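The structure appears below as structure tokens.
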Protein chains: 2
Amino acid sequence: MASRAKATIFDIAREAGVSKSTVSLVLQGSGLIRPETAVKVRKAIEDVGYVYNRGAANLRKAHSNVIGMVINDLTNPFFAELAVGMERVFQSAGIVPFIANTAENPVRQEEVLKSLMEQGVAGLIVSPARGTTPAAFRRLEMAGVPIVFAMRRLPESRIPVITPDNHRGAYLATAHLIGKGHRQLAFFGGSSDLVVYQERLGGFREACETLGIAARDALVVEGETSRRGGIACLETALAMAEPPTAALCFNDAVAFGVMLALRKRGLEPGPDFAVVGFDDVVEAEHYMPALTSVAVDTPGLGERAAHVMLKMIQSRTTRAEDHIGAVNLVVRESCGPDRRALNRQPGKGGPL
Amino acid sequence: MASRAKATIFDIAREAGVSKSTVSLVLQGSGLIRPETAVKVRKAIEDVGYVYNRGAANLRKAHSNVIGMVINDLTNPFFAELAVGMERVFQSAGIVPFIANTAENPVRQEEVLKSLMEQGVAGLIVSPARGTTPAAFRRLEMAGVPIVFAMRRLPESRIPVITPDNHRGAYLATAHLIGKGHRQLAFFGGSSDLVVYQERLGGFREACETLGIAARDALVVEGETSRRGGIACLETALAMAEPPTAALCFNDAVAFGVMLALRKRGLEPGPDFAVVGFDDVVEAEHYMPALTSVAVDTPGLGERAAHVMLKMIQSRTTRAEDHIGAVNLVVRESCGPDRRALNRQPGKGGPL
DNA sequence: TTGATTTATTGGAACGTTCCATTTATAGCA
DNA sequence: TGCTATAAATGGAACGTTCCAATAAATCAA
């Protein structure tokens, strides 16, 4: 049974009493071969325990069907959701995407990209690691490999991008906070080396300006994009002379951290301090209290990215349009009105 | 610059004025070539924008350096942690593991496995999808591909397994609950088609028997292994005539769901109903209240699995020993003593 | 100087496919 | 029956590497 040397189409050919070419045709489902012959060959394939050697085939065909997905942080459930969306569409196209993690490390990313290239990928969907330079993709671009960026863009690069409307999302969330009566706002987490950060912060700032919040009342605290970062941000903010009463967080992880830190101080997220997240990961809904967050339809973006990729491969081009995904604010329990605002106008009513 | 046809070692050879064989030697870092020649060749490699064709090489060498990781649920942060651990060791071995997701679907798993085989993987680390039959791996085994199962085992299979000591973990957790004075215990979530479930449930049962809990006071509620499953389990349990006062959950996700459902009913996890999780994912510590859970050192298991894999590849064997990882109970805030027990013996003291 | 050794380099065959150009078999038609 | 048109099957070359055996160049011993 356990034949030592692996079987090739020649073995199948001998077994079935046909030529290697016939076997190859059968393997590719060509309509040129007689049905009975095909049956015979397929039986032989089973019998010898054949496994197709895609490497050898690619050598001749010059294009694989491997699509790589390069992700900067597998640990963030957000990216898992993205991956799931992509897989849905690739699966129905009969292709299996391979995922590789760069752990937010540009050096590691270089290795991953190199490995994927050597493997002869047909295309790449990438959420670039922080600090990536456009040079990292020059090789790929020269080789004509289709690439699409998901969720993150590089400062100056002509590679197509699929991303949510970060600016608008931040604007919506901030407007909501202001509408609740908050006048001292904060933006928590993230740092300016991320384009996404600039976009979200931009939306926050624009909302503040447009809706009459003085610049000095819009506090910006940079920090890690994690629970821990959120905790740190809140500590910093509450230590100030005129602390904010509400915060828009760079992402949900930061928001969770903020809520945690509030609780630790005996404050209740929502009534005592309003917090809004960004991304609306599944946990947001299940948190206590449930987190108000900007929903970006992550799996949907994954699907989009996959479709664009498929189209690029099919039309053998390396260019495509950017896609800016719609966002919407999902209001839950984590942001009540400003208490002081309520005191000022006692008749103004309840939480909604 | 953007040469249409991709460069081969022949192009390099021409550029550098040497033979293809010399180029090949340089590529492999052979000590046989004169340093100056090597330099010349390496320059040519840069100049022509060469990318190594691993497929072609494997055709000759018959063993790739690709290792695949097949995961049943990318969405569960638990598996991301496992992946991270593995990547640590593979990275230092200079190899890039490719991750593929089966979404707990045996059919999808079949496709993934097939694709990986065709790609000529050197080895596979697999957390099999629920309902996998040993037959799914026969092909791989016949081909002599080293396989390691991580976290889950198949009922009857000689493939080596890396798994935490589920039985012991469940025993410890249950004993802890009983030590707190609980007499009506429940086991929430999971279903018996999972070997892991049987192991954990086994530990629970053994602790109950050994420590004097009657079988009729040990309630078992099967359910999804997710937050939602946890919510459902709690509802079911509390609807009973003599509801439990504490539960060991199949995993942390179930535990989170249980805590959520408790809160929804106005009960406080810990004081009103003790809950213990399993796996100790990072969120457990950050939850409110922090979840008591059985820590299994997931990244450590990932590292173990990777090491075993490397060793198998190196010694070209397909056999290895199982590894049962140590576990320990991390006590946090989610399980107080049974209130009724306190009432019975008021002097018995505080939560610990 | 010559032959024996060592050091660097090279050509050719092989790996397992695909695809093109042929060949062979089958059927259709006058 | 012979001839063409169609269908089915085939052999050979090519894809980009690696590895072995062989050659060429440099060094050494006598």
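Here is the naming used below: chain letters follow the sequence lines, and residue numbers restart at 1 for every chain. For clarity, every value in this text was computed on a predicted model and none was experimentally measured.
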Could you walk me through whether Lys6(B) and Asp11(B) satisfy the salt bridge (charged side-chain N to carboxylate O under 4.0 Å, His left out) test, starting with their C-alpha distance in whole Å, then the side-chain angles of each, then the deciding distance to 0.1 Å, before giving a yes or no? CA-CA 9 Å; Lys6(B) 31 215 74 197; Asp11(B) 300 305; over 6 Å; no
One pair to check against side chain to side chain contact (heavy atoms under 4.5 Å, CB included): Gln119(B) and Val66(A). What are the steps and the verdict? CA-CA 9 Å; Gln119(B) 230 60 236; Val66(A) 176; 3.4 Å; yes
State, to the nearest 10°, the angle formed by the axis through the first five base pairs of the helix from dT1(C)-dA30(D) to dA30(C)-dT1(D) and the axis through its last five.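 Between the first-five-pair axis and the last-five-pair axis there is 50°.
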Give each protein N/O atom lying under 3.5 Å from an N/O atom of nucleotides 14-18 of chain D, with the pair distance.
{"from": "dA14(D)", "atom 1": "N3", "to": "Arg60(A)", "atom 2": "NE", "distance (Å)": "3.2"}
{"from": "dG16(D)", "atom 1": "N2", "to": "Ala56(B)", "atom 2": "O", "distance (Å)": "3.2"}
{"from": "dT17(D)", "atom 1": "OP1", "to": "Tyr50(B)", "atom 2": "OH", "distance (Å)": "2.5"}
{"from": "dT17(D)", "atom 1": "OP2", "to": "Ile9(B)", "atom 2": "N", "distance (Å)": "3.0"}
{"from": "dT17(D)", "atom 1": "O5'", "to": "Tyr50(B)", "atom 2": "OH", "distance (Å)": "3.3"}
{"from": "dT18(D)", "atom 1": "OP1", "to": "Tyr52(B)", "atom 2": "OH", "distance (Å)": "2.9"}
{"from": "dT18(D)", "atom 1": "OP2", "to": "Ser24(B)", "atom 2": "OG", "distance (Å)": "2.4"}
{"from": "dT18(D)", "atom 1": "O2", "to": "Arg60(B)", "atom 2": "NH1", "distance (Å)": "2.4"}

Mind calculating the distance between CD1 (Ile12(A)) and P (dT10(D)) to the nearest angstrom?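 To the nearest whole Å, that distance equals 14 Å.
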Please state how far atom CG in Leu32(A) lies from atom P in dC19(C), giving the value in whole angstrom units.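 About 12 Å, once rounded to whole Å.
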Heavy-atom neighbours of Arg88(B) CZ exceed 12 at 6.0 Å: yes
If you count every heavy atom of other residues, nucleotides or ligands that lies below 6.0 Å from His307(B) atom NE2, does the total exceed 12?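 For His307(B), atom NE2 is not crowded (no more than 12 foreign heavy atoms under 6.0 Å).
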My understanding is that only residues two or more places apart in sequence, or in another chain, count here; which of them pass side chain to side chain contact (heavy atoms under 4.5 Å, CB included) with Ser24(A)?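 Counting only residues at least two positions away or on another chain, Ser24(A) forms a side chain to side chain contact (heavy atoms under 4.5 Å, CB included) with Gln28(A).
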Is there a donor-acceptor contact under 3.5 Å from the side chain of Ser315(B) to the main chain of Lys311(B)?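 Indeed, once roles are kept as given, a pair shorter than 3.5 Å links the two residues.
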Quick check: does any side chain N or O of Thr102(A) sit under 3.5 Å from a backbone N or O of Ala129(A), one acting as donor and the other as acceptor? no
Any heavy-atom pair between the side chains of Ser115(A) and Val112(A) that's under 4.5 Å? no
Which residues in residues 114-123 of chain B have a heavy atom closer than 4.0 Å to any atom of DNA chain D?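 Those residues whose heavy atoms fall under 4.0 Å from DNA chain D, taken from residues 114-123 of chain B, amount to none.
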Would you please test Glu141(B) and Thr318(B) for side-chain hydrogen bond (donor to acceptor under 3.5 Å, both in side chains) and show each step? CA-CA 8 Å; Glu141(B) 291 183 276; Thr318(B) 178; 5.9 Å; no
Note: Ile99(B) and Ala83(B) closest approach over all heavy atoms is CD1-CB, 4.1 Å
Short heteroatom pairs, N/O only, protein and nucleotides 23-28 of chain C, under 3.5 Å:
none

Angle class for the Phe149(B)/Phe137(B) ring planes (parallel below 30°, perpendicular above 60°, tilted otherwise)?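 If you compare the ring of Phe149(B) with that of Phe137(B), the planes turn out perpendicular.
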Contacts satisfying salt bridge (charged side-chain N to carboxylate O under 4.0 Å, His left out) that involve residues 102-115 of chain A (not counting sequence neighbours) are Glu104(A)-Arg152(A), Arg108(A)-Glu111(A), Lys114(A)-Glu118(A)
Show the numbers, then the answer: is there a side chain to side chain contact (heavy atoms under 4.5 Å, CB included) between Val308(A) and Met312(A)? CA-CA 6 Å; Val308(A) 170; Met312(A) 287 171 82; 3.9 Å; yes
